[in-house]
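Throughout, protein chains are lettered first and strands after them, A, B, ... in sequence-line order, and every chain is numbered starting at 1. What you see is a predicted model; the values in this text were computed from it and never measured.
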2 protein chains.
Amino acid sequence: MTLRDVARASGCSVATVSRVLAGTRPVGADTARRVRAAAEKLGYRPNHAARALRGRATGTVGLVLPQITNPFYPALVRELTHALHAEGRAVLLADCDDDPVAEAEYIDDLLARRVDALLVIPADERRSRDAVAAAAAQVPLVLMDRDCGPGVADSVAVDNSAGMALVLGHLAATGRRRVWFVGADGTASTAAERRAAYAAGAAALDEGAAGRIALGDFSVAWGRAAVDLVWEARPDALVCANDLIAVGALQRLRELGADVPGDVAVTGFDDIPMAALAAPGITTVRQPVPELAAEATRLLNHRLAGDDGPQRAVRLAPDLVVRESSAPRSTARGDGQHARAASGRATEVPVPRQVP
Amino acid sequence: MTLRDVARASGCSVATVSRVLAGTRPVGADTARRVRAAAEKLGYRPNHAARALRGRATGTVGLVLPQITNPFYPALVRELTHALHAEGRAVLLADCDDDPVAEAEYIDDLLARRVDALLVIPADERRSRDAVAAAAAQVPLVLMDRDCGPGVADSVAVDNSAGMALVLGHLAATGRRRVWFVGADGTASTAAERRAAYAAGAAALDEGAAGRIALGDFSVAWGRAAVDLVWEARPDALVCANDLIAVGALQRLRELGADVPGDVAVTGFDDIPMAALAAPGITTVRQPVPELAAEATRLLNHRLAGDDGPQRAVRLAPDLVVRESSAPRSTARGDGQHARAASGRATEVPVPRQVP
DNA sequence: ATGCCCGTTGATAACGTTTGCCGAAATGCA
DNA sequence: TGCATTTCGGCAAACGTTATCAACGGGCAT
C-alpha cells in the first residue's frame, strides 16, 4: 500500500507514480492510465505522515474553543468542520474549558503537531493574548467570535454594535423606555463590545437608560440574579448580553409572576437553539454562523496561499429575530420575523479598528 | 529545532538525544543532563510527522459524530477530548451531519490520516454498519451512545432499559396510569432500545399502556405534533424518548392550556442542558457522560495496548433526575432530586447481548 | 596479562513522500 | 542529416525520527 507497490504493479518508478497522483508534472497518457489503474486496484492511500514530513504541510487545522458546551459554539464548529473538510483538511479539536493556561498548552501541542493553521476563539481577551500572538507568528491564525487585543491576528466576528443597535431600535419602535442592560463584565471581548454598544445607543431611548447597566457573567444563573437586582426599578425591557442570560431572566420573571412581554420585554443575543424554544420565544440577535465560518476559512486560505498583507478584522452584520418576548401585544407563535439587516454582509475594518 | 540541532548543541549524536528524550534506553547521567539542557534551551519540539512515519503511530484519535448540534453531544465531546488530551492524544473531529455516506467518507479520510483509533457514534444503525466494520478491522474502534448491529465493535452506552425502568417506576410511584410513549422510529439504536424498554415495562402500570406508543423522530417538532395526536386520549403522562421531544411536547401542552404536571406529567431522556432550563423543569434520565467518556477511553487504551480479547459492550447505569414536569404537586424549583441508581456503575455484557 | 562482559555511545538504515537533476528518447527546425 | 529543444521517466537526496548494530572503553575474572 505504498508508492513502491503501485510503482511495481504499474511497471514504473515511484517518482512517476507520485507525479501522476499529485499531478505536479505532465506524464505520458498511457503511463498515467496504468498508474491510476494500479493505484485503484491496490487501494492505495497516500501516507499523510510521510507527506507531511517531506512537504511540511499536514493538511490539518487546529480549532481551539473556550467551551464546546457553550450552546453557541456547536453550530459554529459544525460549519467550520464542514467548510474545512470540503477543502480536504482535517480538524484537530481542542476544548480548553475557559482556562487560558490550558488554552496555551493546547495551542502549543497543536503547533508541535504541525497544524497548517489555527482557528482560535480566545478564552480571555487579556490572558490569551501572549499564547495567541506567539502562535500567530508561526502559522496563519484567525480569531473568531471574540477578540484578543489589537494587532494580534486576523479576526472574524459578528458586528456586536450593529446587533445591539438593532435591538435598541426595535425596543424604541415598540415603545419601550425604561430599559436595562444585563451584561457581563468578564474578559471576553464580546462582553465589552455589547456593553459599549448599549451605552452608546441607549441614550436615544431615554435619558437614564445608558446608565442602567447590571453586570455579571454570560450565564443563566446571572440572568436570574439580575432580575432580582433590577426588578424593583420596574423596567419595561431587559436587554441581555446573550441568550443564556435572557433565559435566566425569563425564568425568574415567570417565577415573580411578571408578564413577558406585557410588563417587560426581554431580548438576548446569539440566537442559540434555546432562544427559539423558550416560552415565550426570545427576541434575539442572530449571528450569521455559516457566513462567519465561510469568512474565517476564506481568510485562512488567503494566508495559507501566501498573502501577507495587513491584518484584517472582518465584522459581519447580524439579523434581529423578533419573537414573543418583545412583542407589543400577544403574537402568534412562530420563529419570529427577521429584521432584514443585510445579514452576513461583511464589513472590513483596518486594525486597530475604532469602536465608534 | 530538530534532533540534529540538539545533538550538535549538546555534543553527542542524534541517537543519544533521541534515547534521552524518549527514555527508551539508559544513558549516562551527565550526558542526559547536557542533552536535556540543550533541548530546553533550543525549545526543541519533536516532529510528530517524522515520529508517525517512523513509528507508525500518530498519537491521534478520530471522533466521528452524527450531529454536533444535537445538544446531547457537546458534553460528550468535551469529556472525550479532555480524557484523550490527558493521555497526550489529539482528537480529529468529523461531523457527518446524520448522513451515513458522509460518515463513511470521513471514516475513510481519518484512516488515511492514520489515526491510532476511532470513536464513532454511528449515524444509522443499519447503513453505518459496513463502514464501521471495515474501519474496526483496521484500527481499534469503540462505538458510543448508539449501537450498530451485533458483533461490529466494542461499544459503550447508557443502559437504556434501566433508564426507562427508572422513569416508569417513578411514574408508577406517583400514581400515573394513562401513560403514552412518544418515541422515534428512526434507525438509531437508542430509539429501538428505549421503545422496547417502555413496551416491556409499561404493562406493569396499566393494561393498555404498553400499546400506547406514538413514533416520530428525535425532534422538538415531533414532540409538538405528538401532543396533537395523543391529547384527545387524555393521557396523564407522556414518556418521551429524549429531551428534545419532551421540550416540544411541553411547548404544545402549554399552548393547549394543559397543566403540567397537574393534568399530565412529561418525562425526557438524556438530561441535556435545556431539560433543566425548560419551564417546568423536565424530569429526565441523566446519562453519566463523564463515565461514558472514561469507559470509552479505557476500552480504547486496552485495545491500543494490544488486548485482542472478545468484543465488549459496556452499559452504564443512568440516574433519574426528578424535576417539576412530573411532580405529584407543585414543587420548589431546583435541579431536582436524583434517584440514586448506582450511577455510572458499569455492567458488561457479552456480545451479542440479549435484550431481555 | 589476556579475554570477556557490560554499559554507553555513534553510525546508519529504514519509514513513504516529493522534487531537483540528469539522461534518453522524441520532436522541431534548418 | 545534424543540432537544438522538448518531453518523459528514473535516480537519489532530502524531511526528522527511531531501532539495529557495531565499536569503544573500563572493570573483572581467570
- Decide yes or no on side-chain contact (heavy atoms from CB on, under 4.5 Å) for A:Leu80 and A:Met144, but give the supporting numbers first. CA-CA 11 Å; A:Leu80 286 171; A:Met144 297 201 68; 3.7 Å; yes

- Within residues 18-27 of chain A, the residues having a heavy atom closer than 4.0 Å to DNA chain C are A:Ser18, A:Arg19, A:Thr24, A:Arg25

- Rounded to the nearest 0.5 Å, what separation is found between the CD atom of A:Glu125 and the CG atom of A:Asp147? 6.5 Å

- Query: In Å and rounded to the nearest 0.5 Å, what is the CD1 to OH distance from B:Ile68 to B:Tyr73?
  - Reply: 10.0 Å

- side-chain hydrogen bond (donor to acceptor under 3.5 Å, both in side chains) pairs touching residues 126-136 of chain B, sequence neighbours excluded, are B:Glu103-B:Ser128, B:Asp124-B:Arg127

Spacing of [X] atom [atom1] relative to [N] atom [atom2], expressed in whole Å:
| X | N | atom1 | atom2 | result |
| --- | --- | --- | --- | --- |
| A:Arg8 | C:dG16 | CZ | P | 11 Å |
| B:Arg54 | C:dT12 | CZ | P | 16 Å |
| A:His48 | C:dC15 | NE2 | C1' | 17 Å |

- Run the side-chain contact (heavy atoms from CB on, under 4.5 Å) check on A:Leu119 and A:Val61 step by step: do they pass? CA-CA 7 Å; A:Leu119 286 167; A:Val61 171; 4.3 Å; yes

Residues 16-44 of chain A side chain polar contacts: donor-acceptor under 3.5 Å, at least two apart:
residue: A:Thr16; atom: OG1; partner: A:Ser13; partner atom: OG; Å: 3.2
residue: A:Arg34; atom: NE; partner: A:Ser10; partner atom: O; Å: 3.1
residue: A:Arg34; atom: NH2; partner: A:Ser10; partner atom: O; Å: 3.3

- Please determine if a side-chain N or O atom of A:Thr2 lies less than 4.0 Å away from the OP1 or OP2 oxygen of C:dG16. no

- Query: Between which nucleotides of DNA chain D, 5' to 3', does chain B make heavy-atom contacts below 4.0 Å?
  - Reply: D:dG16 to D:dC21

- Salt-bridge present (A:Asp308, A:Arg303; N to O < 4.0 Å): no

- Message: Counting only heavy atoms and a strict 4.0 angstrom limit, can you tell me which residues of residues 29-39 of chain B come near DNA chain D?
- Response: none

- Query: Of all residues at least two apart in sequence or in a different chain, which pass the side-chain contact (heavy atoms from CB on, under 4.5 Å) check with B:Arg54?
  - Reply: none

- Compute whether any side-chain donor of one residue and acceptor of the other, for A:Asn301 and A:Glu87, lie under 3.5 angstrom apart. yes

- Note on the structure: Heavy-atom nearest pair, A:Phe72 first then A:Asp145, reads CE2-OD1, 3.7 Å

- Task: Would you confirm whether A:Glu79, through its side chain, and A:Val289, through its main-chain N or O, come within 3.5 Å as a donor-acceptor pair?
- Result: no

- Message: Which is more 5' along DNA chain C, the nucleotide nearest B:Ala15 or the one nearest A:Val14? Just name the residue.
- Response: B:Ala15

- Message: What contact category does A:Gly55 fall into here, base, sugar-phosphate, or nothing, at under 4.0 angstrom with non-hydrogen atoms?
- Response: nothing

